[in-house]
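Worth saying up front: this structure is predicted, and the values here are computed from it rather than measured.
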Amino acid sequence: MDVNIKAISGSWTLGYSLDKHSIRSTPGYNGAVHMQYGTVRTEAGEALFKLKYRFDYPQVALIAQQLNTSFGSVFQSAGLIIPMPASKARERQPVTEIAREFAKLKAVPYYEN
């Protein structure tokens, strides 16, 4: 997966993102009635979109592997993976699925609230 790592700041010690989600989004019409956006996403954004909105769960392994490749050495001393709380109730939470798989790759436990 091609990524563009960015440091992110906030009320935490250290944070990164794999990439932006979308490159551009252009409005258009599906037929003559329904407006629909033509969205071009980054590879990471497309994987996340497929996971969250198309329920394409094989994306979990791809995203977790990229997290491990990109950040495994940065977070090598991590002893626990804690996913961000989900913003929307879902039967299967993508963020939890990714955290669980990333924790497996790092051989550390993860915490699910």
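Residues satisfying the side-chain contact (heavy atoms from CB on, under 4.5 Å) criterion with Phe75, sequence neighbours excluded, are Leu14, Tyr16, Phe71, Ala78. With sequence neighbours excluded, the residues forming a side-chain contact (heavy atoms from CB on, under 4.5 Å) with Asn4 are Lys6, Asp19, listed by chain and number. Under the rule for a salt bridge (Lys or Arg N to Asp or Glu O under 4.0 Å), Arg54 has no partner lying at least two apart in sequence or in another chain. For Gln36, the side-chain contact (heavy atoms from CB on, under 4.5 Å) partners two or more places apart in sequence, or in a different chain, are Asn30. For the salt bridge (Lys or Arg N to Asp or Glu O under 4.0 Å) test, residues two or more places apart in sequence or in another chain that qualify with Glu46 are Arg41.
Atom CD of Glu43 is separated from atom CG of Leu62 by 10.0 Å, given to the nearest 0.5 angstrom. The distance from atom CD of Glu101 to atom OG1 of Thr96, rounded to the nearest 0.5 Å, is 13.0 Å. How far CD1 of Ile81 is from NZ of Lys104: 13.5 Å, rounded to the nearest 0.5 Å.
Within the structure, ring-ring contact (aromatic ring centres under 6.0 Å, His included) pairs that include any residue of residues 91-113 do not occur (at least two apart or interchain).
For the pair Lys52 and Arg90, the minimum side-chain heavy-atom distance is below 4.5 Å. Residues Pro94 and Val60 are not in side-chain contact: their nearest non-hydrogen atoms beyond the backbone lie 4.5 Å or more apart. Using a 4.5 Å cut-off on side-chain heavy atoms (C-beta onward), Ile5 and Leu18 make contact. Annotation: side chain of Leu105 is in contact with side chain of Gln65 (closest heavy-atom distance under 4.5 Å). Using a 4.5 Å heavy-atom threshold, the side chains of Gln66 and Ile63 count as separate.
Under a 3.5 Å cut-off, the side chain of Thr42 and the backbone N or O of Lys20 do form a donor-acceptor pair. With hydrogens and angles ignored, the 3.5 Å screen pairs a side-chain donor or acceptor of Lys106 with a backbone N or O of Gly72.
By the criterion of side-chain heavy atoms lying less than 4.5 angstrom apart, applied directly or through intervening Ile, Leu, Val, Met, Phe, Trp or Tyr residues, Ile23 is not grouped with Leu48; the two fall into different hydrophobic clusters.
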(request) Mind running side-chain contact (heavy atoms from CB on, under 4.5 Å) on Thr69 and Leu67 for me, showing each step along the way? (result) CA-CA 5 Å; Thr69 299; Leu67 287 171; over 6 Å; no

(message) Quick one, Ser22 with Val40, criterion side-chain contact (heavy atoms from CB on, under 4.5 Å). Give me CA distance, side-chain angles, the key distance, then yes/no.
(response) CA-CA 6 Å; Ser22 302; Val40 178; over 6 Å; no

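A cation-pi arrangement is absent between Arg92 and Phe55, since the terminal nitrogen or guanidinium carbon is not both under 6.0 Å from the aromatic centre and inside a 45° cone about the axis.
Across all non-hydrogen atoms, the minimal contact from Val95 to Met84 is CG1-O, 3.4 Å. Residues Pro27 and Met35 come closest through the heavy atom pair CB-SD, 4.0 Å. Contact between Ala99 and Pro83 at its shortest, heavy atoms only, is CB-CB, 3.6 Å.
Around atom OH of Tyr57, more than 12 heavy atoms belonging to other residues, nucleotides or ligands sit under 6.0 Å away.
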